[in-house]
Structure formats: C-alpha cells, structure tokens
Q: 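Before we start, here is the structure in question, set down as structure tokens.
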2 protein chains.
Amino acid sequence: MRKDINIVEVAKKANVSIATVSRVFNNSGKVKESTRRKIEQIIEETGYYPNILARELAEKKTSLIGMIVHNMTGEGMPRAINGVSEVLIKRGYNLLIACTNGVFENEQKHFEIFRSKRVDGIIFATDKFLTAHERMIKKLPIPVLSLLQVTEKENIPFVSFDNYRFAKEATQKLIELGHSRICFIGGPESSVNGLERFRGFTDALKEAGIKINKDLIINGNFHVEDSYHKMKVILDRNRDFTAVITINDGMAIGAINCLEKHNILVPDQVSVLGLDLTVLASTSRLKLSGVQYSYETLGEKGAEILLNLIESEDTLFDKYIVPYDIYLRESVSCRSKSFKP
Amino acid sequence: MRKDINIVEVAKKANVSIATVSRVFNNSGKVKESTRRKIEQIIEETGYYPNILARELAEKKTSLIGMIVHNMTGEGMPRAINGVSEVLIKRGYNLLIACTNGVFENEQKHFEIFRSKRVDGIIFATDKFLTAHERMIKKLPIPVLSLLQVTEKENIPFVSFDNYRFAKEATQKLIELGHSRICFIGGPESSVNGLERFRGFTDALKEAGIKINKDLIINGNFHVEDSYHKMKVILDRNRDFTAVITINDGMAIGAINCLEKHNILVPDQVSVLGLDLTVLASTSRLKLSGVQYSYETLGEKGAEILLNLIESEDTLFDKYIVPYDIYLRESVSCRSKSFKP
DNA sequence: GTGAAAGCGCTAACAA
DNA sequence: TTGTTAGCGCTTTCAC
C-alpha cells in the first residue's frame with residue numbers, strides 16, 4: 001500500500017478540523033456551504049480517498065459479506081454469485097469469495113479468515129452439510145446462511161431448491177404419460193441434493209405402485225461423457241424401458257447421444273427428461289424436457305435474507321425455497337414405442 | 001459486528017502486556033516458553049480472534065485482491081476466477097469480487113470502492129478496454145492487471161489469449177484441408193476479442209489469396225440459439241461454402257444443429273470449427289473441432305503476475321499470453337463434398 | 001524477555 | 001457550524 005494522503009492533511013490544507021472533513025465526506029452533520037466547497041476542492045486537488053479500513057475499525061462494521069463455495073465451475077454457481085452480487089451492491093455491501101473445492105479444511109480455514117476479516121455475514125454453499133459445519137457455524141458471532149443445502153434441524157437459515165419435490169413431480173409427469181419402466185442416471189453419492197432427487201424419483205414410483213428395477217438405476221458424476229457411458233451400461237444390462245431421467249441436463253444430453261448412437265429414437269422409443277436445466281440444455285438439438293429453476297433467484301434470496309438478518313440483528317431462522325418449472329418438450333413423448341429386441 | 005474479546009483482555013487475563021500477546025500470535029520476537037503457553041491457553045479458552053482490520057490498519061496492507069469482471073455467467077470466467085482464487089489462497093491473499101455487467105459506471109465505482117478498501121491490487125476483466133479505463137487505472141496507487149484484454153499501448157500488465165493468432169491459425173488449418181469458401185459467425189461488435197478473431201480469420205484468407213465473401217460473414221452474440229438463426233440467414237443467402245468457423249463452441253453447436261435440420265451433413269458436406277472450446281463442446285454428438293485454451297491458467301497467471309508486482313514493488317509492465325491447442329476432430333473433414341442445390 | 005507508548009486513519013460524542 | 005478528543009484493536013519501536 002503506497003502512501004496516501006489522509007484526513008489530517010486534508011484538514012490542514014483546508015484550515016479546518018478533521019471532524020469537518022469527515023462530515024463533508026459522509027454528508028453527516030451540518031457544514032457551512034463555503035467550507036464544504038473549500039474542502040471538496042482540496043479533496044479533488046489532492047485525490048484524497050478515505051481509508052475505509054480505519055472507518056470500519058471505528059464503526060465496527062465492514063459491509064463485507066463472505067461467500068464460501070465448494071465449486072465455481074458448475075453451471076449454477078456463477079449465476080447464484082451473480083444474484084448475490086447484485087443484491088449486495090444494491091445495498092452497499094461487497095463480496096469476499098473463497099473457493100474450497102469441497103475440501104473441509106479449506107472451508108474451516110475460510111470461516112476463520114472471514115471471521116478475522118470481520119465480515120458482517122457469510123453465505124455458505126457446500127455439497128453436503130455436516131455436523132462439523134454446524135458446530136463451526138454455531139461458534140461464529142455473525143449470521144451464516146446455507147445456500148443449496150437445507151438445514152432444518154440445525155436451525156440455520158437457508159435458501160435452496162426442493163430437490164425431492166421437483167424430482168418426484170417430474171417422475172409423476174412421466175408416469176402420467178404412460179411410462180412405468182424408467183431409468184435413473186443419478187449423481188455421486190456424496191451429493192445430498194442428488195440423493196434427494198433420487199428419493200423423489202423412487203417415491204413417485206412407489207406411490208404409483210411401480211416396482212423399482214435396480215437394473216435401470218445408476219450413479220454418475222454430473223458430466224456429459226459420464227452419462228454417455230452410464231447409459232451404455234444400462235443398455236447392456238436391460239433394454240426394457242421407455243424413459244430416462246437424469247440428474248441434470250448435461251447427463252440428459254449424454255444419454256440422448258448414447259441412445260441415438262445405438263439407433264434408439266428419442267423421444268419415439270425413449271423419452272428423456274433432465275433435472276436442473278441450464279445453458280447446457282440449449283445445446284441440444286431436441287428441446288429438452290425437465291425441471292428448471294433460477295440460480296439467480298437463489299443467490300438474490302440468499303443475500304436478501306442474510307442482509308435482513310444482519311441489519312435487524314434478529315437471530316431469526318429464515319428460509320426460502322426457490323420455485324421451479326417443469327417443461328415437457330421435444331425429448332419426451334406420450335407413450336414411447338418399445339424398442340426391445 | 002458483535003462484541004468480540006480483544007487483545008487487551010487477553011493480555012489482562014494472562015498478566016502480560018498486549019505486546020507480548022501480539023508476539024505470540026504472530027510468532028514474532030522472543031517469548032519465554034512458559035508465558036507463550038500461558039497466553040496460548042487464554043486464547044484457546046476465550047476463543048480470541050485477532051481483529052485483522054486493526055492489524056491491516058497498522059500494517060497498511062490488506063492482503064486483499066479486488067477482481068472486477070464484466071460477466072460471471074460465461075463458460076470461461078468462473079474457471080478464471082478459480083485459477084485466481086487458487087493462487088491467492090496459496091499466497092495468503094483473499095479475493096474481493098465485483099460483477100459489473102459491463103456497465104462503465106459500475107466499473108468506475110468499483111475501482112473506487114476497492115481503492116478505499118485498500119486492496120493490494122486489482123484484476124480487471126472487461127470486454128473492451130477503453131481509454132477511460134486507462135485513465136482510471138493510471139490514477140490508482142496500486143497495480144492493476146488486465147485479464148482477457150491486451151493493453152500493449154497502455155503499459156498495463158495483462159494476461160490474455162492471442163485471439164488474432166489462434167483464429168488465423170485455425171483458419172489456415174481449414175484452408176490446408178482444402179476449404180476456401182468458409183463462413184464466419186462472429187461475436188458482437190463490442191467484443192474486442194471477437195473482432196481480433198475475425199481479423200485473424202480474414203488475414204488468413206487474404207494471405208492464402210482467397211477473396212472474402214461478405215455473404216458468408218455474420219455477427220452474433222455468442223449464444224447457441226442465436227447461432228442457429230444466423231446459420232439459417234447465411235443458408236438463405238448463399239449455399240456455396242464448405243466450412244463454418246464460429247466465434248465459440250456454443251455457436252458451433254447452434255450452427256451444426258441448423259445445418260442438420262436442413263439436411264446438410266456435418267462434416268461430410270460442411271465442416272464446422274469452433275473457437276474457444278469449453279464444456280459446451282462436450283455436449284455435441286460429434287467431437288467438435290476448434291481452439292481450446294485454459295481459463296484456469298489465465299487466472300493463475302494473472303494472479304501470479306499481479307502478486308509479484310505487489311510484492312516486489314516493481315512498476316514493471318508484465319504480460320503473458322496463454323497458449324492454445326487446435327483440435328481437428330469429427331466436425332471437420334478433409335474436403336467436404338458440395339451440397340449446392 | 002517483556003512492557004509502555006506512539007502510531008495507523010477514521011468516527012462520534014461533547015464542547016465551544 | 002466547527003473543533004477537541006477519546007476511542008476502534010493492533011503492530012512496532014525503544015526502553016528496561
């Protein structure tokens with residue numbers, strides 16, 4: 001940090017006290033018009049910038065929000081950050097970001113760093129909310145909001161999607177269309193939200209009285225290529241199905257690519273539906289069917305709730321579930337014809 | 001900010017001076033082993049955290065890097081941020097992020113906010129580097145590094161891709177394969193890097209003695225759907241071409257979708273090559289041909305150069321061009337057969 | 001080894 | 001209106 005001119009020097013040059021300079025800068029208190037102009041002129045000339053660090057130290061408020069994310073490179077997180085960012089800026093806050101790659105030690109370290117940095121609040125987005133996380137958070141003297149993870153039991157405010165519900169509802173739509181033998185290409189076991197979606201899927205089947213066929217279920221890792229291979233694995237073990245649900249849109253595309261490679265027509269023979277439609281969905285030749293929700297809204301709501309908590313000094317437990325839409329489009333058809341050999 | 005225990009109270013409880021506590025916390029100076037342990041115990045018991053704000057004020061160093069990005073939601077920026085973030089953490093810095101949506105006033109405001117926050121340096125990623133940007137930056141007492149924009153004339157350090165060169169080279173590859181009637185679906189005019197790519201394209205043609213046909217050139221906005229329509233526009237005005245180059249991978253996919261819809265075979269009749277291959281490319285059924293480079297490296301290099309500048313107090317003008325690879329894969333064929341009507 | 005005290009640059013209560 | 005002054009919590013000489 002180079003040497004900057006400070007308030008004392010400005011005051012000296014303007015022949016006033018530092019208090020007056022402070023008042024001018026903050027538009028607080030009354031200052032005679034002529035002195036105000038004088039001071040403003042000096043500020044202009046000298047290129048003076050107040051040192052916000054000192055102000056924050058004095059005010060005990062940083063207007064800084066820390067955000068800890070496990071992964072920046074998905075389709076959703078950048079959008080969520082965008083949403084957060086927008087609300088923060090509007091309300092005079094700044095965003096401190098840390099990327100942890102899901103490593104617990106990194107997360108822990110950043111809770112401490114953020115605490116030391118005296119951020120006013122923290123937005124925490126992780127893959128799996130652990131009891132250890134809860135303990136860390138409970139120790140902090142500032143509000144922490146969980147993004148993407150429901151934390152009912154822990155009484156920690158959160159904003160998330162209702163993964164269980166939309167997966168169930170989407171499955172029901174397929175069932176209504178006459179499908180009963182449905183594949184599920186899921187996420188990794190470590191993803192709580194992935195498991196929730198799977199639970200929604202199986203519950204929908206159960207409630208419809210459809211037996212669950214393990215041949216048609218497989219885990220994946222969210223990626224297009226992986227889905228291609230997983231679809232192939234399923235094809236190799238059982239071809240008696242008429243629909244596929246995938247954990248996200250990339251995997252829907254991977255599945256479609258695989259099916260078409262094997263001369264299975266989508267949606268004539270197999271319908272495909274992806275949960276979590278993002279920009280990837282737009283690359284599909286077929287208009288993809290599936291569940292869509294706004295990550296921007298996720299971020300915006302998260303930021304709003306957190307700021308409200310901070311500014312009201314309430315210790316309220318607040319939460320919000322972002323709504324979703326289900327689209328049935330080109331990749332889904334009413335009653336797919338069998339392609340059984 | 002709630003009331004936290006501070007150094008004075010710790011000192012009191014330990015019956016030592018605050019200077020000693022400070023020494024313990026920073027491992028600076030000599031402290032007798034027994035007093036050190038005593039103090040550490042008190043720190044443990046009280047859950048004391050040093051107020052980094054105060055330290056920063058005293059030390060005149062925040063270990064904070066500001067990053068101003070115009071757009072968070074592309075494929076590349078999150079990866080670049082990841083790269084930046086990784087280097088910063090490794091070297092003990094934190095990342096302050098601002099999203100401007102390309103609005104000049106927002107950019108300006110954040111340069112000021114960051115300056116006031118006393119960040120140690122700024123990484124600036126914009127679409128178009130203006131003289132006004134240069135003026136702002138020159139006024140700042142801290143180093144600013146331009147990401148994605150070359151700033152030769154301004155003597156501002158930068159890390160970027162060589163958009164001109166890779167576009168030219170990719171075009172030359174197509175020419176070598178026997179293509180001469182090549183479409184170009186470009187970016188918006190506001191994107192300097194898009195224009196550079198276009199310049200590379202036209203120069204390659206010129207140098208090969210190929211006349212430029214305006215029918216085959218069109219601007220777009222980087223998006224898949226837009227590319228679909230732009231490809232259609234070209235098809236409507238001129239079908240005498242054997243290859244298409246698009247400004248990015250999403251547009252390559254859009255173009256392919258359009259061609260196939262019109263029963264034009266890729267790559268048998270038309271080869272398609274996309275600049276800037278990202279995760280979108282992986283959704284294509286055909287392995288996409290094109291230029292690929294690492295946004296992670298972009299971010300890492302940017303952070304490294306900036307930190308070096310900060311820590312050495314040099315005012316060196318430093319720069320780095322991230323290398324690229326050109327892949328010719330399924331979407332390109334040697335000499336496409338004509339599909340002219 | 002340890003402590004006292006002078007900053008760091010600002011805000012805000014109180015006085016004038 | 002304006003100025004004086006006591007913090008905010010830490011680092012860092014300089015004595016002891």
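The structure displayed is predicted, hence computed values, not measured ones. Residue numbers start from 1 in every chain, and the chains themselves are labelled A, B, ... in the order their sequence lines are given, proteins ahead of strands.
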Q: With a 4.0 Å cutoff (strictly under), does any side-chain N or O of B:Ser17 reach OP1 or OP2 of C:dT2?
A: no
Q: Which angle, rounded to 10°, do you find between the first-five-pair axis and the last-five-pair axis of the helix from C:dG1-D:dC16 to C:dA16-D:dT1?
A: 40°
Q: Does B:Leu57 or B:Val16 map to a spot on DNA chain C nearer the 5' end, using the closest nucleotide for each?
A: B:Val16
Q: What is the distance from CG of B:Asn15 to P of C:dG3, rounded to the nearest Å?
A: 9 Å
Q: Distances under 3.5 Å between protein N/O atoms and the N/O atoms of nucleotides 11-14 of chain D, please, pair by pair.
A:
| unit_1 | atom_1 | unit_2 | atom_2 | d |
| --- | --- | --- | --- | --- |
| D:dT11 | OP1 | B:Asn26 | OD1 | 3.3 |
| D:dT11 | OP1 | B:Asn26 | ND2 | 2.8 |
| D:dT11 | OP1 | B:Arg55 | NE | 2.8 |
| D:dT11 | OP1 | B:Arg55 | NH2 | 3.3 |
| D:dT11 | OP2 | B:Ser22 | OG | 2.5 |
| D:dT11 | OP2 | B:Asn26 | ND2 | 3.4 |

Q: Tell me: NZ of B:Lys12 to C1' of C:dG3, nearest whole Å?
A: 15 Å
Q: For the backbone of A:Val103 and the side chain of A:Asn101, can you confirm whether one donor and one acceptor N or O come within less than 3.5 Å of each other?
A: no
Q: Applying salt bridge (charged side-chain N to carboxylate O under 4.0 Å, His left out), can you list everything that pairs with B:Asp162, at least two apart in sequence or on another chain?
A: B:Arg165
Q: Applying side chain to side chain donor-acceptor pair (under 3.5 Å), can you list everything that pairs with A:Asn193, at least two apart in sequence or on another chain?
A: A:Asn163
Q: Filter on side-chain hydrogen bond (donor to acceptor under 3.5 Å, both in side chains), then keep only pairs touching residues 133-151 of chain B, sequence neighbours left out; what's left?
A: B:Glu107-B:His133
Q: Please list, one pair per line, the donor and acceptor atoms closer than 3.5 Å that link side chains of residues 16-23 of chain B to other protein atoms, with sequence neighbours excluded.
A:
| unit_1 | atom_1 | unit_2 | atom_2 | d |
| --- | --- | --- | --- | --- |
| B:Ser17 | OG | B:Ala19 | N | 3.4 |
| B:Ser17 | OG | B:Thr20 | N | 3.4 |
| B:Ser17 | OG | B:Thr20 | OG1 | 3.3 |
| B:Ser22 | OG | B:Asn26 | ND2 | 3.4 |

Q: Under the rule for side chain to side chain donor-acceptor pair (under 3.5 Å), what residues qualify as partners of B:Arg91, not counting sequence neighbours?
A: B:Asn308, B:Glu311
Q: Students often get this wrong, so: under 4.0 angstrom with heavy atoms, is A:Lys32 touching a base, only sugar-phosphate, or nothing?
A: sugar-phosphate
Q: For A:Tyr48 and A:Phe25: C-alpha separation, side-chain torsions, deciding distance, then whether ring pair (Phe, Tyr, Trp, His ring centres under 6.0 Å) applies.
A: CA-CA 10 Å; A:Tyr48 165 70; A:Phe25 223 93; 5.6 Å; yes
Q: Is the phosphate of C:dG9 approached by A:Asn51 (side-chain N or O, under 4.0 Å from OP1 or OP2)?
A: no
Q: Could you tell me the separation between the CD1 atom of A:Ile5 and the C1' atom of C:dC10, rounded to a whole number of Å?
A: 15 Å
Q: Using OP1 and OP2 only, check whether a side-chain N or O of B:Tyr49 sits under 4.0 Å from D:dC10.
A: no
Q: Quick one: is D:dG7 close enough that its OP1 or OP2 comes under 4.0 Å of any side-chain N or O from A:Lys60?
A: no
Q: Test: side-chain hydrogen bond (donor to acceptor under 3.5 Å, both in side chains). Region: residues 63-76 of chain A. Which pairs qualify, not counting sequence neighbours?
A: A:His70-A:Asp127, A:Asn71-A:Thr73
Q: State which residues pass ring-ring contact (aromatic ring centres under 6.0 Å, His included) with B:Tyr295; sequence neighbours excluded, sorted by chain then number.
A: B:Phe161, B:Tyr293
